[in-house]
2 protein chains.
Amino acid sequence: MSYTIKEVAERTNISAHVLRYYEKEGVLPRIDRSQGGSRRYTDEDLDLLGLITCLKNTGMPLKDIRTFVQLREEGPVTLAQRRDILKAQQQNVLERLEEMRMNYEKVTKKLAYYDGLLAERQAEGAKK
Amino acid sequence: MSYTIKEVAERTNISAHVLRYYEKEGVLPRIDRSQGGSRRYTDEDLDLLGLITCLKNTGMPLKDIRTFVQLREEGPVTLAQRRDILKAQQQNVLERLEEMRMNYEKVTKKLAYYDGLLAERQAEGAKK
DNA sequence: ATAAAACTTAGAGCTAAGGTGAAGTCAAGA
DNA sequence: TCTTGACTTCACCTTAGCTCTAAGTTTTAT
């Protein structure tokens, strides 16, 4: 199976423009073209795009993703290097998770404080 | 107690430049000045700065933080509004947490896949 | 009292990650 | 054949969030 840029855009919620931009920047590898020169994405491309999206959403900058994708282009020789990048990113995500949890706590506490103040004001108003 | 901009910068890991920038943009309220015009931060300012940092780190854009801070300047009348903003942000953080967890899964799986490939190659090499 | 360090404002410049628009090519249907 | 719509490249525009510079003033330590 292969897909046009529009199909991929719909499926991934990444605009056609951004798909081209990613390719130009090396964040995606060179995508195969049809006779007329239009991009034809394979299932493998889609799979890679899924990973890229995940890396991006966990805070990896595009230039680091490009490095990863370039290594991938160089074949199995770079497997260990790519593994190390993923390992580092895993650690990274773990730290973000922990930080996010702490921030959740903080917002929750502040919220409780505000709710307390509001309850007081409520009580105050009722007294009169 | 009051603190100079440098002390606050050291304590919060937010550069003096950024502290001034935040104030100019209304992300921080107008900070009191010394005789000569230098900023003197109070403990209350520091507390607010902590909340601001938390909101920012959980993805709230500066302009929304500004709105929050402006409401705070308007006094207790806006308590309920501010509570609602915090409530929404709490929900927001929860969603991010969930998403981050899913991304952690994805990276972990991919990593396992890579480790599998590497183990194979290892075995392959040993056979010879 | 004076020198060095830290402060002030105003404003320009930078980076990341896109978005926009022009100008042209190509393929398929009425 | 003509038109419609998706595709191409290329160059410039936008936004968020800083980051730095310049030129001058204040604070602090001796």
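Numbers restart at 1 for each chain; the letters A, B, ... are given by sequence-line order, proteins then strands.
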query: If you check every side-chain atom of B:Arg33, which of C:dT8, D:dT8, C:dG18 has the closest atom?
result: C:dT8
message: Is the phosphate of D:dT9 approached by A:Arg39 (side-chain N or O, under 4.0 Å from OP1 or OP2)?
response: yes
- line: When rounded to whole Å, the CD to P distance for the pair B:Glu25 and C:dA10 reads 13 Å
- line: Assert: residue with more 5' nearest nucleotide on DNA chain D, out of B:Gly37 and B:Leu62, is B:Leu62
- prompt: Is the cationic atom of A:Arg11 (NZ for Lys, CZ for Arg) positioned less than 6.0 Å from the six-membered ring centroid of A:Tyr3 and within 45 degrees of its normal?
  reply: yes
- request: For A:Asn13 and C:dG19, give me the distance from atom CG to atom P, rounded to whole Å.
  value: 12 Å
message: Rounding to an integer number of Å, can you tell me how far B:Ile5 CD1 sits from C:dT9 P?
response: 9 Å
- prompt: Between B:Thr4 and A:Lys56, who's closer to the 5' end of DNA chain C by nearest nucleotide?
  reply: B:Thr4
- prompt: So what does A:Arg40 hit on the nucleic acid, given a heavy-atom distance under 4.0 Å: a base, only sugar-phosphate, or nothing?
  reply: nothing
message: Pick the closest DNA chain D nucleotide for B:Ser38 and for B:Val18 by heavy atoms, then say which residue is nearer the 5' end.
response: B:Val18
- request: Taking only the side-chain nitrogens and oxygens of B:Tyr22, find out if one of them lies under 4.0 Å from OP1 or OP2 of D:dC18.
  value: yes
A:Tyr21 or A:Gly36, whichever maps to the more 5' nucleotide of DNA chain C: A:Tyr21
message: From NZ of B:Lys24 over to P of C:dG11, roughly how many Å is that when rounded to an integer?
response: 9 Å
- prompt: When the distance from NE2 of B:His17 to P of C:dC7 is rounded to whole Å, what number comes out?
  reply: 11 Å
Nearest-0.5 Å distance that lies between atom CE in B:Met1 and atom CZ in B:Arg40: 11.0 Å
Selection from C:dG19, D:dC18, C:dC7 that lies nearest to any side-chain heavy atom of A:Ser15: C:dG19
task: I would like to know whether A:Phe68 and A:Gln89 meet side chain to side chain contact (heavy atoms under 4.5 Å, CB included); could you show each step before the answer?
output: CA-CA 11 Å; A:Phe68 183 88; A:Gln89 187 62 7; over 6 Å; no
message: Whole angstroms only, please: what is the CG-P distance between B:Asp32 and C:dC7?
response: 17 Å
task: Measure the spacing between CG of A:Asn92 and CG of A:Leu86 and express it to the nearest 0.5 Å.
output: 12.0 Å
query: Any idea which of D:dT27, C:dG11, D:dG17 is nearest the B:Ser34 side chain?
result: D:dT27
- prompt: Distance from A:Ile5 atom CD1 to A:Arg20 atom CZ, nearest 0.5 Å?
  reply: 4.0 Å
- prompt: Heavy atoms under 4.0 Å, any strand shown: does B:Arg20 hit a base, just sugar-phosphate, or nothing?
  reply: base
Spacing of A:Ile31 atom CD1 relative to D:dC7 atom P, expressed in whole Å: 14 Å
- line: Taken to the nearest whole Å, CG/A:Leu19 to C1'/C:dG19 is 14 Å
